[in-house]
Amino acid sequence: MNPSDIWLLLAPPVVGGIIGYFTNDIAIKMLFRPYRAIYIKGRQLPFTPGLIPRNQERLAKRISDTIMGSLLTPEELQNLARRLLQTERMQSIILWLLQLALDQVKADAEQKTAKILANILRDLLGESVPRILKVLARR
């Protein structure tokens, strides 16, 4: 095989790869950059800001609508809340917290441990239980 034949076989893919790399690089930069509009003599340059920054709010709205419409429907959220707020689950969580607090009291009989237990019980009875009751009352 002649070296010129090898060159004729290798040149098109190499040149095509180089051209493809640079066109893809330019396309990606045009999608995301610049982040703000560029003005010259009071006129906005075309393609500024990039396509993604310009339509960011619209894209975010459409993505959130898609997620809320198909993945997190109101029925699915209600089912999830029902499963999480089951009486057995709540009892097991409260028992786990109390057992954890009792283990700390047994391991360390100092005043500091009693304060930790008091804080846990205050948070549990002062904030968590009223919130749970409100959720259950809404049902």
Find out if a path of hydrophobic residues (ILVMFWY) with successive side-chain heavy-atom gaps under 4.5 Å connects Ile38 to Phe32. no
Please report the interatomic distance CG(Leu95) to CD(Gln91), rounded to the nearest 0.5 Å. 7.0 Å
What's the separation between atom CG in Leu8 and atom CG in Asn2, rounded to the nearest 0.5 Å? 9.0 Å
Below 4.0 angstrom, N of the basic side chain to O of the carboxylate: do Arg83 and Glu76 qualify? yes
So does Glu57 have more than 12 non-hydrogen atoms from other groups sitting under 6.0 Å from CD? no
Nearest 0.5 Å please: distance from the CD1 atom of Ile28 over to the OG1 atom of Thr23. 10.0 Å
Spell out, yes or no, whether Ile94 and Trp96 are grouped together once hydrophobic residues are joined by side-chain heavy atoms under 4.5 Å, including indirect joins. yes
Residue pair Asp5 / Leu9, side-chain heavy-atom distance below 4.5 Å: no
Same apolar cluster: Leu31 and Leu45, side chain cutoff 4.5 Å: no
About how many Å separate NZ of Lys61 and OG1 of Thr66, when rounded to the nearest 0.5 Å? 10.0 Å
Do Pro49 and Gln44 have side chains that get closer than 4.5 Å, going by heavy atoms? yes
Is it possible for you to say whether Tyr21 and Val14 belong to one hydrophobic cluster, with membership spreading through side-chain heavy-atom contacts below 4.5 Å? yes
Could you grab the distance from atom CD of Gln78 to atom CG of Leu80, nearest 0.5 Å is fine? 11.0 Å
Where do Ala37 and Tyr39 come nearest, in terms of heavy atoms and distance? CB-CE1, 3.8 Å
